[in-house]
Amino acid sequence: MRDDLAHDRTGGRRRHHAPWWIAALLAFAGLAAACGGGGSGLSTALDDSEEDDFTAISATLPVAPEIPGGHTWFNVSDPLTLEGLQGKVVLLDFWTSGCINCQHIIPELKRLEEEYSDSLVIIGVHSGKYDREHDDASVQQAILRFGVQHPVVNDPDFVIWSLYRINAWPTLILIDPNGRVVGGRSGEDIYDEFQPVIDKLVADFDAQGLIDRTPIAIDLEAAAVTSAVLSYPSAVLADEAGDRLFIADAGRNRILISDLNGRLQDVIGSGDRGLEDGTFAEASLNEPQGLALSADGSTLYIADTRNHAVRAADLDAREVTTIAGTGVRAYGPPAAPAAGAETALASPWGLVLRGSTLYMAMAGTHQIWSLDVEAGTVSAFVGSGAEGIDDGPLLEATLAQPNGMATDGATLYWVDPESSSVRRLSLDSGGGVSTLVGTGLFDFGDADGVGVEAQLEHAQGLAYANGVLYVADTYNHKLRTVDPQTLEVVTVAGGDGAGFRDGVLGTSLLSEPLGMSVAGDLVYFADRNNHVVRTLNTATNSIATLQLTNLSVIAESNQDRPLTVVLAGQTVAPDTSELRIRLSSPAGFHLNSLAPSELALSSSNSPTLEPEEDIATWSTDDESVEVIVPVNVQPGDAIISAEGSVYYCRTGEEALCLIADLQITLPVTVDADATDRIITLDYELPAPSISR
């Protein structure tokens, strides 16, 4: 949960005071300005009423402030209004994309959406804490990354926030079908609180014939990124001794293994979202983040963030085992060292292994925990559990959603995104936490300098090499160095705003860089919104994009929902003998000869239409391809289907390669009066939605 101070874009801060109807609700629920992630009970209008029917007291409730115009909406074609949603139960979710507590409730909101799909409308009101979170493009990327499928309105100037006098993220406000405010609360664990109230609202109003069950029109944000080789990569780990690079492909719930030049070797995880142990092909993950490697190079430790777990991948036996976490979100550490496999975790993020101790950035509790990988026990290590930027003794210091971590062997370093800071502590001296960069939960910016002069914005990645820290300054779309001795902060890559361009400092562009790792002169890092891994040459401060090759390794493991395409029907003559498959890449792209592109062909009615070949395959770097397949036809109707994976790359930036999983169907009628004698399956591949 976040502080009650909303950031003012002019650089100041403003505190909002709630009107009686929300202030009373929050006070009744026992909510302080910055309550714990677990939240408190939902307070509703029925709590202080002798009535037991919401319809009977609806007219006495305050009218919900209308959502004003002039805002950007997502997942709908046209802006929504509360007036237009009369007859629906409405749940407003005030959130900001970088807030871990906001992220935690997304599955609960999805569950409510599914259960009340025809009577409940959830509207996400994105009132971003950070300047970069105000941009429409940033909100869209967050929606795609988190899989949000309900309407979202961008509220960059806190207009809607102010109308409802919200004072914390996340806060949810429940509105009845008459447009009246029923209740609200802040914090997590919202399903068990809201579900019974929503259920009663629907039942009471439905009994009076006042529920409108007409579905609202949803127009989900399009994302061709599902065809990228990587989808929102979150972290990398370079193993220089073993010539391996481990890539946390968070958007596809898997870990890819390549050599340091990008040639793919193996995949950990089926791609399905879940918490299953087993072989690499059977195991399931859920948006993995941080990575660590055992000293002998045989075990990869994975922060399985959305599963609230840490997994161990045996790289020799190719088996995945859960060594900490139960799949349930923790709200604090165990009081004493406890068995890891029986102890709940809270969104583990960055990992650092030192000896037999695995340090885990526990973003969900604003702490760092430790896991003894030999004994299998988990304990608290750093942080009181309160969110802040207070230095001091280990368990008294306050942290703010720790993410990326690094070590020089003696000192543990980490970034706290919610205070835009870089912190450290000595692992040997027993000293406390100190801050290198950063001054407060709402102090952030984009500035080099020394110590307090420097400013970061929601930095999430960190690596140590050659006596300096490399920081992924995520929301500034930059890489910076921090000298732990002088505290000097220097920009080494990135420009003004998000983009995708290789080159030296002053020309390179990034888009939300994340996890980092060093091998030799190269800092490898995940460039999240560009869906690629890139490198920084520390000798020249030049950025290059890693080209992943040997893509056949991941062809069978790609679990994305295929892109279904239905082409306009064609009518051909009975003496037709050819099916011409024409595929073309979008402007600025070309097909990729290094990967096995092919389409499996089938017919719904073999007597009417039967391809003489089951597979259409090709290998070319041209912008388009035409494959001719002989067919046998006779009068009647049939549907020809072409299914498979097609590979293509951006011209001049071949490291940006895509996979399109296609299911193309083409209705065909064979008619004696027709004159066309060629069946043509013509399709242009989708352009990716990446930063440009």
Colleague: Report yes or no: does T81 contribute a side-chain atom to a donor-acceptor pair with the main-chain N or O of G84 at less than 3.5 Å?
Modeller: yes
Colleague: Say whether, by atom type as modelled, one donor and one acceptor occur between the side chain of Q103 and the main chain of S97 under 3.5 angstrom.
Modeller: yes
Colleague: If you compare all heavy atoms of T343 against all heavy atoms of A338, which two are closest, and at what distance to 0.1 Å?
Modeller: OG1-CB, 3.4 Å
Colleague: Between Y232 and H531, does the ring centroid distance fall short of 6.0 Å?
Modeller: yes
Colleague: Give me the ring orientation class for W95 and F146: parallel if the planes are under 30° apart, tilted from 30 to 60°, perpendicular past 60°.
Modeller: perpendicular
Colleague: Do the side chains of N286 and T305 get nearer than 4.5 Å, heavy atoms only?
Modeller: no
Colleague: Find the distance between CD1 (I160) and CG (N154) and round it off to the nearest 0.5 Å.
Modeller: 8.5 Å
Colleague: How long is the straight-line distance from CG of N403 back to CD1 of I100, given to the nearest 0.5 Å?
Modeller: 7.5 Å
Colleague: How long is the span from the CG atom in L479 to the CG atom in D473, to the nearest 0.5 Å?
Modeller: 8.5 Å
Colleague: Any non-hydrogen side-chain atom of I105 less than 4.5 Å from a side-chain atom of P170?
Modeller: yes
Colleague: Can you name the residues that form a salt bridge (charged side-chain N to carboxylate O under 4.0 Å, His left out) with R528, not counting sequence neighbours?
Modeller: E512
Colleague: Evaluate side-chain contact (heavy atoms from CB on, under 4.5 Å) for L91 paired with I173, printing each intermediate quantity in order.
Modeller: CA-CA 6 Å; L91 185 62; I173 300 296; over 6 Å; no
Colleague: Are the charged groups of D391 and R423 less than 4.0 angstrom apart, N to O?
Modeller: yes
Colleague: K478: which residues meet the salt bridge (charged side-chain N to carboxylate O under 4.0 Å, His left out) condition with it, sequence neighbours left out?
Modeller: D446
Colleague: Check for a donor-acceptor pair, side chain of K129 on one end and backbone N or O of E418 on the other, with a separation under 3.5 Å.
Modeller: yes
Colleague: Using a 4.5 Å cut-off on heavy atoms from C-beta on, say whether the side chain of L174 contacts that of F194.
Modeller: yes
Colleague: For G187, does its backbone N or O pair with a side-chain atom of T171 as donor and acceptor, under 3.5 Å?
Modeller: no
Colleague: Kindly give the heavy-atom pair with the smallest separation between D219 and S77, and that separation in Å.
Modeller: OD2-OG, 3.2 Å
Colleague: Testing the basics here: between I122 and L109, what is the closest heavy-atom pair and its distance to 0.1 Å?
Modeller: CD1-O, 3.4 Å
Colleague: Do side-chain atoms of H366 reach the backbone of Q401 as a donor and acceptor pair under 3.5 angstrom?
Modeller: yes
Colleague: Taking the side chain as everything from C-beta on, heavy atoms only, tell me whether V181 gets closer than 4.5 Å to L61.
Modeller: no
Colleague: Between S138 and D135, is there a donor-acceptor pair closer than 3.5 Å when you use the side chain of the first and the backbone of the second?
Modeller: no
Colleague: How long is the span from the OG atom in S162 to the CG atom in D157, to the nearest 0.5 Å?
Modeller: 9.5 Å
Colleague: Flag the pair P151 / I218 as yes when at least one side-chain heavy-atom distance between them is below 4.5 Å, and no otherwise.
Modeller: yes
Colleague: Between W349 and W414, is the ring centroid distance below 6.0 Å?
Modeller: no
Colleague: Which residue is it: V437, V482, T474? I am looking for the one with a side chain to side chain contact (heavy atoms under 4.5 Å, CB included) to L456.
Modeller: V437
Colleague: Salt bridge check, E115 against R111: does any charged N sit closer than 4.0 Å to a carboxylate O?
Modeller: yes
Colleague: Is a side-chain donor or acceptor of Q289 paired with a backbone partner of D304 at a separation under 3.5 angstrom?
Modeller: no
Colleague: Using only heavy-atom distances, determine whether the side chains of D136 and T72 contain a donor-acceptor pair under 3.5 Å.
Modeller: yes
Colleague: Restricting to non-hydrogen atoms, name the atom on A248 and the atom on L291 that form the minimum distance, rounded to 0.1 Å.
Modeller: N-CD1, 4.1 Å
Colleague: Can you see which heavy atom on D527 is nearest to which on P513, and at what distance?
Modeller: OD1-N, 4.1 Å
Colleague: State whether R145 and E287 are salt-bridged, where the test is any N-O pair (Lys NZ or Arg NE/NH1/NH2 against Asp/Glu carboxylate O) under 4.0 Å.
Modeller: no
Colleague: Between T398 (side chain) and D390 (backbone), is there a donor-acceptor pair under 3.5 Å?
Modeller: yes
Colleague: Any ion pair linking R180 and D176 (charged N to carboxylate O, less than 4.0 Å)?
Modeller: no
Colleague: Kindly assign one of parallel, tilted or perpendicular to the pair Y475 and H458, based on the angle between their ring planes and the thresholds 30° and 60°.
Modeller: parallel
Colleague: Is there a donor-acceptor contact under 3.5 Å from the side chain of N476 to the main chain of G445?
Modeller: yes
Colleague: Please tell me if the side chains of P177 and F54 come closer than 4.5 Å, counting only heavy atoms from C-beta onward.
Modeller: no
Colleague: Any idea which heavy atoms bring E188 and E108 closest together, and the distance?
Modeller: C-OE1, 4.4 Å
Colleague: Do D199 and Y116 pair up side chain to side chain, a donor and an acceptor below 3.5 Å, judged on atom types alone?
Modeller: yes
Colleague: Specify whether W161 and W169 have parallel, tilted or perpendicular ring planes, treating 30° as the upper limit for parallel and 60° as the lower limit for perpendicular.
Modeller: tilted
Colleague: For residues V202 and R213, determine if any side-chain heavy atom of one lies less than 4.5 Å from a side-chain heavy atom of the other.
Modeller: yes
Colleague: Testing the 3.5 Å rule here: is there a donor-acceptor pair between the side chains of E133 and T96?
Modeller: yes
Colleague: Taking the six-membered ring for Trp, are F444 and Y130 parallel (under 30°), tilted (30 to 60°) or perpendicular (over 60°)?
Modeller: tilted
Colleague: How about T326 and H308: does a side-chain donor come under 3.5 Å of a side-chain acceptor?
Modeller: no
Colleague: Checking the side chain of Y359 only, and the main-chain atoms of W369 only, is there a donor and an acceptor separated by less than 3.5 Å?
Modeller: no
Colleague: Decide side-chain hydrogen bond (donor to acceptor under 3.5 Å, both in side chains) for R480 and T491; before the verdict, give the C-alpha distance in whole Å, the side-chain angles of both, and the deciding distance to 0.1 Å.
Modeller: CA-CA 4 Å; R480 287 184 151 107; T491 299; 3.1 Å; yes
Colleague: Carefully, step by step, assess V152 and I123 under the rule side-chain contact (heavy atoms from CB on, under 4.5 Å).
Modeller: CA-CA 5 Å; V152 174; I123 298 176; over 6 Å; no
Colleague: Would you give the length of the straight line joining atom CZ of F94 to atom CG of L172, rounded to the nearest 0.5 angstrom?
Modeller: 9.0 Å
Colleague: Is it true that H71 and H126 have ring centroids separated by less than 6.0 Å?
Modeller: no
Colleague: Apply side-chain contact (heavy atoms from CB on, under 4.5 Å) to the pair V352 and L358, showing each step before the final yes or no.
Modeller: CA-CA 6 Å; V352 162; L358 183 68; over 6 Å; no
Colleague: Any side-chain heavy atom of E457 within less than 4.5 Å of one from D131?
Modeller: yes
Colleague: Starting at CD of Q149, measure out to CD1 of I143 and round the result to the nearest 0.5 Å.
Modeller: 11.0 Å
Colleague: T55 and D204: side-chain hydrogen bond (donor to acceptor under 3.5 Å, both in side chains), yes or no, with the steps?
Modeller: CA-CA 6 Å; T55 60; D204 289 355; 5.7 Å; no
Colleague: Would you sort out whether V125 and D93 count as a side-chain contact (heavy atoms from CB on, under 4.5 Å), showing the intermediate values?
Modeller: CA-CA 6 Å; V125 183; D93 170 33; over 6 Å; no
Colleague: Between R311 and T322, is any side-chain donor less than 3.5 angstrom from a side-chain acceptor?
Modeller: yes
